[in-house]
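Step one of this worksheet: look at the structure below.
Here the structure is a predicted model, which is why all the values come from computation and not from measurement.
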Amino acid sequence: MNRPSRTGTRPQPALAMTLALWLYTALAHAEPLAVIANKNNPNTSLSTTTVASMYRGETLHWPGGDRIKLVNREISAEERKTFYLRVLNAKPDQVFYRQSTPVPVQSVIERSDEAIVRFVGVIEGAIGYVNLSAVKAMKDSQIKIMLIIESR
């Protein structure tokens, strides 16, 4: 019995399409994120543009003069991937530099929503992002939600 020849078939495009579809589906179902700040922060809300400016190193101080202390998740975290895509329009491993300098923007890296909430609740001037459901479940009185980044 003769079998049809498979010479010249290319599974790579199919594999790439499958991976792209999986990534799109994962991000489409991503949970909303909450951008949080210390409860003593005088701001009541922030825009996506303002948060992006902070994480890109364009804005270094809060309007009252306090230094902004950025908190990030580790590069492999889904929350970071979602935040970088939706807020910064960047890949999660993108390095940003302070304006007109070779100095990279510094941030504290935390490995869980709970750790970010604890850090932001203790450190005035801190800002971070966590899953909205996690921050609601924690009911931490030391932080406040400044911006909700909705799922698409």
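Between the OG atom in S45 and the NZ atom in K144 there is a gap of 9.0 Å [rounded to 0.5 Å]. Taking OG from S141 and NZ from K39, the interatomic distance works out to 5.5 Å, rounded to the nearest 0.5 Å. Summarising the geometry, atom CD belonging to Q142 is positioned 13.5 Å from atom CZ belonging to R118; distances are rounded to the nearest 0.5 Å. For the atom pair CZ of R80 and CD of Q94, the computed distance is 10.0 Å after rounding to the nearest 0.5 Å. Atom-to-atom distance recorded for L60:CG and S53:OG is 8.5 Å, nearest 0.5 angstrom.
Linking Ile, Leu, Val, Met, Phe, Trp and Tyr residues whenever their side-chain heavy atoms come within less than 4.5 Å places I68 and Y129 in a single cluster. By the criterion of side-chain heavy atoms lying less than 4.5 angstrom apart, applied directly or through intervening Ile, Leu, Val, Met, Phe, Trp or Tyr residues, M138 is grouped together with V120 in one hydrophobic cluster. Linking ILVMFWY side-chain heavy atoms closer than 4.5 Å, directly or via other members, places V105 and V71 in two distinct hydrophobic clusters. Cluster annotation: M146 and V87 are assigned to the same hydrophobic cluster (Ile/Leu/Val/Met/Phe/Trp/Tyr, side-chain heavy-atom contacts under 4.5 Å, transitive). Cluster membership for I123 and I143, using ILVMFWY side-chain heavy atoms within less than 4.5 angstrom, is shared.
N131 has its side chain within reach of L33: a pair of non-hydrogen atoms, C-beta onward, lies under 4.5 Å apart. Using a 4.5 Å heavy-atom cutoff, the side chains of T82 and E31 are not in contact. In this structure the side chain of L70 never reaches within 4.5 angstrom of the side chain of Q106, judged on heavy atoms. Considering only heavy atoms from C-beta on, I75 stays 4.5 Å or farther from Y84 through its side chain. With contacts defined as side-chain heavy-atom distances shorter than 4.5 Å, the pair I145/L132 qualifies. Looking at W62 and N43, their side chains come closer than 4.5 Å, going by heavy atoms from C-beta outward. Side-chain contact between D66 and H61: absent, with no pair of heavy atoms (C-beta onward) separated by less than 4.5 Å. Residues R98 and T101 meet the side-chain proximity criterion, which asks for heavy atoms closer than 4.5 Å.
Residue V135 forms a side-chain contact (heavy atoms from CB on, under 4.5 Å) with just one option from V130, D140, I148, and that option is V130. Each of L147, L88, I149 was checked for a side-chain contact (heavy atoms from CB on, under 4.5 Å) with V51, and the lone residue meeting it is L147.
Ring pair Y55/F83: centre-to-centre distance below 6.0 Å.
Side-chain N or O atoms of K69 include one that pairs as donor or acceptor with a backbone N or O of E124 at under 3.5 Å.
Across every non-hydrogen atom of Y97 and P102, the tightest pair is CD2-O, 3.5 Å. G128 and I116 make their closest contact through CA-CG2, 4.2 Å (heavy atoms, listed as atom of the first residue, atom of the second, distance). Closest non-hydrogen pair, K81 versus P92, comes out as CG-CG, 3.7 Å.
Ion pair D113/R73 flagged as a salt bridge, since at least one NZ, NE, NH1 or NH2 atom sits closer than 4.0 Å to an Asp/Glu carboxylate oxygen.
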Subject >> Worked verdict on M54 versus L46 for side chain to side chain contact (heavy atoms under 4.5 Å, CB included) >> reply: CA-CA 11 Å; M54 292 173 176; L46 296 170; 4.2 Å; yes

